[in-house]
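All values below come from the heavy atoms of this structure, side chains included, with hydrogens, waters and symmetry mates left out.
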Amino acid sequence: MTRKGSAVQIRSRLPSPLMHAVTGGWTVQGSGMIVRYPDGSEQEIAAKEEAVEVYRHSTAHLMALAVSELYPEAHLGIGPATSDGFYYDFQRPSPFTEEDIRKIDEKMRELIREDLPYQPMIWDKEKAVRFFAERGEELKVELIKEKAGDRLSCYRVGNLVDFCLGPHVQSTGKLGAFKLLNVAGAYWRGNENNPQLQRIYGIAFLTEEEVQAYLDRLEEARKRDHRKLGRDLDLFSVHEEAGAGLIYWHPKGALLRYEMEQFLRSEQVERGYQFVEIPHIAKSDLWRRSGHYDFFRQNMYVFEIEEDDYGIKPMNCPGHILIYRTKLHSYRDLPIRLAEFGTVYRYEKSGVLHGTLRVRGFTQDDAHIFCTPEQAYDEVLGVLDLAELVLKTFGFDRYEVDLSTWDPEHTEKYAGGAADWAHAEQALQRALEKKGYEYRRMVGEAAFYGPKIDVKLIDALGRAWQATTVQFDFNLPQRLEVHYIAPNSKPHPVIMIHRALFGSLERFIALLLEHYAGALPLWLSPVQVLVIPISERFLAPAETVALELKQVGIRARLDDRNEKMGFKIREAQLQKIPYMLVVGQKEVQEKTVSVRNRFEGDLGPRPLAAFVEEIRRHIQQRSTRP
RNA sequence: GCCAGCGUAGCUCAGUGGUAGAGCAACUGAUUCGUAAUCAGUAGGUCGUCGGUUCAAUCCCGACCGCUGGCUCCA
């Protein structure tokens, strides 16, 4: 799963919207779970992962049975296991209330006590279709018609019969460690145009302890929620009167962004990137030519100035292209790498907004690489190298890598020709393999304009969010005539690679906060050192200490409030300030400061110069700890 | 956008068809303190907004705004 020396992790194939499974604690040989296959045969499952999946799936059936008994008017959708539980979709005229969920939970436990068997049956397709049609289970009929062969399996538990591949546990008495969590609307078969069903989510594990552990972790996750940390640490705010999905960065948050930008700016300059700046709005002429009005208009904010239509930029690419196009470029000039911390605005549906993870205005650490086809592979590799440095520097060791390719069945949906796509995919794939990353190939997941590599990071609740992205673009160079002069002195279309490493600063900061539970690495901490005089009598020497720290570029603050030291330390701890320096009688006499670290507590006194040396080293090295 | 839940002081949360409370934070004063909360006092809310029902609405109903968990979509 994890390649030696790298840190790639692929999550289970059916991700839950909630958290990952709690693992560990499984010591017995074999799972001890006997499952029943469609042909009636039984077998003990050895692997815990498989056992728990069956357990969850059977719990989903149990829930469907409970629902069908309590609410006979409810019809069945699908009910799979997820990475930490299960869900089942129901079609019902009135929504499930929280009271309904409680009743369903109770009913399930009652049915467990009845120890009802899961009985497999092999039916003819015709019989199954008739059976479900008679029961009014039209969704099941649709599924069977589409998915089943001539013979198919169904399972009966109580009065519930479900079209299902199995296997299942022997009887409901084997189940019990579960909890129903919430109800959500979910479109039938994931299509927005289909009717919306009601999905009931639950968690299920092999033991009650694991269920509890999961709930505890949910509670823990709430504490590292970036929205809470952002407020508590005074980093950013969102304002109802100003609009949803628009982030206001406070001084401390802005400082964090500044540090991140400084870091990445210098790394990019070292690697031959050049920084540009472009306006935030452009006339519709540009968006029309770029194709954004055809493909992205529903996400754009448009308005009018003196009878001309304008659009706020949803992407930086056309702007960078305008700069590239101001002169003819020889193949000798390439690659040209134009970078910008570019703020873009996109209309996002209100229901998808989420803290700073999904917003309507955000700043990308964007760059566009203009190169020749021959240079593409090296450029992609260079981007991946830099991406790895970024993720490592910020302490991320858990991420997913996807290679999104086009759908070869529907090539007409895409810009660019087959040769372009093949060449680009190969460059991406070769670079991934060179880096030794384990990745998932996502066929048909490419943008219409080109294939891409995405790196996704995981939030506190286990949800994956795209950060780094490397995308080829066959659309813009063509539409906006982006060329270079080849050795044969003819213009050739340039290869354009769009890339972002943080993805967006807003999103990356959210993930960073959740990753560190707010205790940001020293070099990123808005306040690095808090100087605490023991009482007002030592205000003057403490002030001197703070001043000396500031003079050498350390972000130090003095807590000059008339409070007890313990109180100040408590607040500093809650603010996750990396170092606290206590100054009192002893320190003044001995010409030292007493150092306290947020993780290690009191480290004792030492000369200020020694402390400065140590902390500057950590800052310079961008240590992720302390 | 859709489904469900929620919106009371800066924060966390009580509460009621008869115009609202606690803790923390803030402010004032006292205290001058040795590694996660010193004590006392003061002030602070058109109960998200707008409409409706009612003699009377923070509470009941509706719309809108915003937030949360999903779905669809995405950096």
When rounded to the nearest 0.5 angstrom, what distance separates [atom1] in [X] from [atom2] in [Y]?
| X | Y | atom1 | atom2 | value |
| --- | --- | --- | --- | --- |
| A/Leu574 | A/Asp232 | CG | CG | 8.5 Å |
| A/Ile554 | A/Ser525 | CD1 | OG | 12.5 Å |
| A/Thr59 | A/Lys179 | OG1 | NZ | 14.5 Å |

Find the distance [X]:[atom1] to [N]:[atom2] and express it as a whole number of Å.
| X | N | atom1 | atom2 | result |
| --- | --- | --- | --- | --- |
| A/Leu229 | B/rU12 | CG | P | 13 Å |
| A/His239 | B/rU49 | NE2 | P | 18 Å |
| A/Lys349 | B/rG66 | NZ | P | 16 Å |
| A/Tyr201 | B/rU68 | OH | C1' | 15 Å |
| A/Lys456 | B/rA75 | NZ | C1' | 11 Å |
| A/His292 | B/rC74 | NE2 | P | 14 Å |
| A/Met442 | B/rC73 | CE | P | 12 Å |
| A/Ile247 | B/rC67 | CD1 | C1' | 13 Å |

For the pair [X] and [Y], find out whether any cationic side-chain nitrogen is under 4.0 Å from an anionic carboxylate oxygen.
| X | Y | result |
| --- | --- | --- |
| A/Lys103 | A/Glu106 | no |
| A/Lys452 | A/Asp454 | yes |
| A/Arg499 | A/Glu379 | no |
| A/Glu571 | A/Lys576 | no |
| A/Glu514 | A/Lys228 | no |

What distance, rounded to whole Å, do you find between the two [atom1] atoms, one in [N] and one in [M]?
| N | M | atom1 | answer |
| --- | --- | --- | --- |
| B/rA37 | B/rG69 | P | 32 Å |
| B/rA22 | B/rU8 | C1' | 13 Å |
| B/rU46 | B/rU38 | C1' | 37 Å |
| B/rC60 | B/rU54 | C1' | 10 Å |
| B/rG62 | B/rA57 | C1' | 14 Å |
| B/rC67 | B/rG21 | P | 31 Å |

For this session: Could you tell me whether a side-chain N or O of A/Thr356 sits under 3.5 Å from a main-chain N or O of A/Glu506, the two making a donor and an acceptor?
Result: yes
For this session: Can you sort out which residues in residues 358-369 of chain A have a heavy atom within less than 4.0 Å of RNA chain B? Ascending by number, please.
Result: A/Arg358, A/Val359, A/Phe362
Exercise. Between A/Gly503 and A/Ser535, which is nearer to the 5' end of RNA chain B once each is assigned its nearest nucleotide?
Worked result: A/Ser535
Problem set entry | Residue mapping more 5' on RNA chain B - nearest nucleotide basis, A/Leu357 or A/Gly245 | A/Gly245
Identify every side-chain donor-acceptor pair in residues 577-591 of chain A under 3.5 Å, counting partners at least two apart or on other chains, and give the distances.
from	atom 1	to	atom 2	distance (Å)
A/Glu587	OE1	A/Gly584	N	2.9
A/Glu587	OE2	A/Ser594	OG	2.5

For this session: Report, as a single string ordered 5' to 3', how protein heavy atoms within less than 4.0 Å touch nucleotides 34-41 of chain B: B base, S sugar-phosphate only, - not at all.
Result: BBBBB---
For this session: Indicate for each nucleotide in nucleotides 2-8 of chain B, in 5' to 3' sequence, whether protein heavy atoms under 4.0 Å reach the base (B), only the sugar-phosphate (S), or nothing (-).
Result: BBSS-B-
Does OP1 or OP2 of [N] have a side-chain N or O of [X] closer than 4.0 Å?
| X | N | result |
| --- | --- | --- |
| A/His354 | B/rG69 | yes |
| A/Arg227 | B/rG69 | yes |
| A/Arg231 | B/rC11 | no |

Over-ring placement of [X] relative to [Y], 6.0 Å and 45° cut-offs:
| X | Y | result |
| --- | --- | --- |
| A/Arg507 | A/Phe362 | no |
| A/Arg265 | A/Tyr273 | no |
| A/Arg56 | A/Phe86 | no |
| A/Arg217 | A/Tyr214 | no |

So which protein nitrogen or oxygen atoms get under 3.5 Å of nucleotides 59-63 of chain B's nitrogens or oxygens?
none

Problem set entry | Selected nucleotide, minimal atom distance to A/Glu536 side chain, candidates B/rG70, B/rU32, B/rC74 | B/rU32
Exercise. Between B/rC33, B/rU68, B/rG1, which nucleotide has the shortest distance from any of its atoms to the side chain of A/Arg537?
Worked result: B/rC33
Exercise. Parallel under 30°, tilted from 30 to 60°, perpendicular over 60°: which one fits the rings of A/Tyr347 and A/Tyr301?
Worked result: perpendicular
Seminar exercise, completed: The single option from A/Trp406, A/Tyr449, A/Phe474, A/Phe295 that satisfies ring-ring contact (aromatic ring centres under 6.0 Å, His included) with A/Tyr414 is A/Trp406
For this session: Would you please indicate yes or no on a ring centroid separation below 6.0 angstrom for A/Phe396 and A/His515?
Result: yes
For this session: Write out the stems for RNA chain B, ordered by first number and formatted as range with range, counting runs of at least 3 consecutive Watson-Crick or G-U wobble pairs under 3.5 Å.
Result: B:1-7 with B:65-71, B:10-13 with B:21-24, B:26-30 with B:38-42, B:48-52 with B:60-64
For this session: Pick out which of A/Leu549, A/Asp560, A/Val593 makes a side-chain contact (heavy atoms from CB on, under 4.5 Å) with A/Val531.
Result: A/Leu549
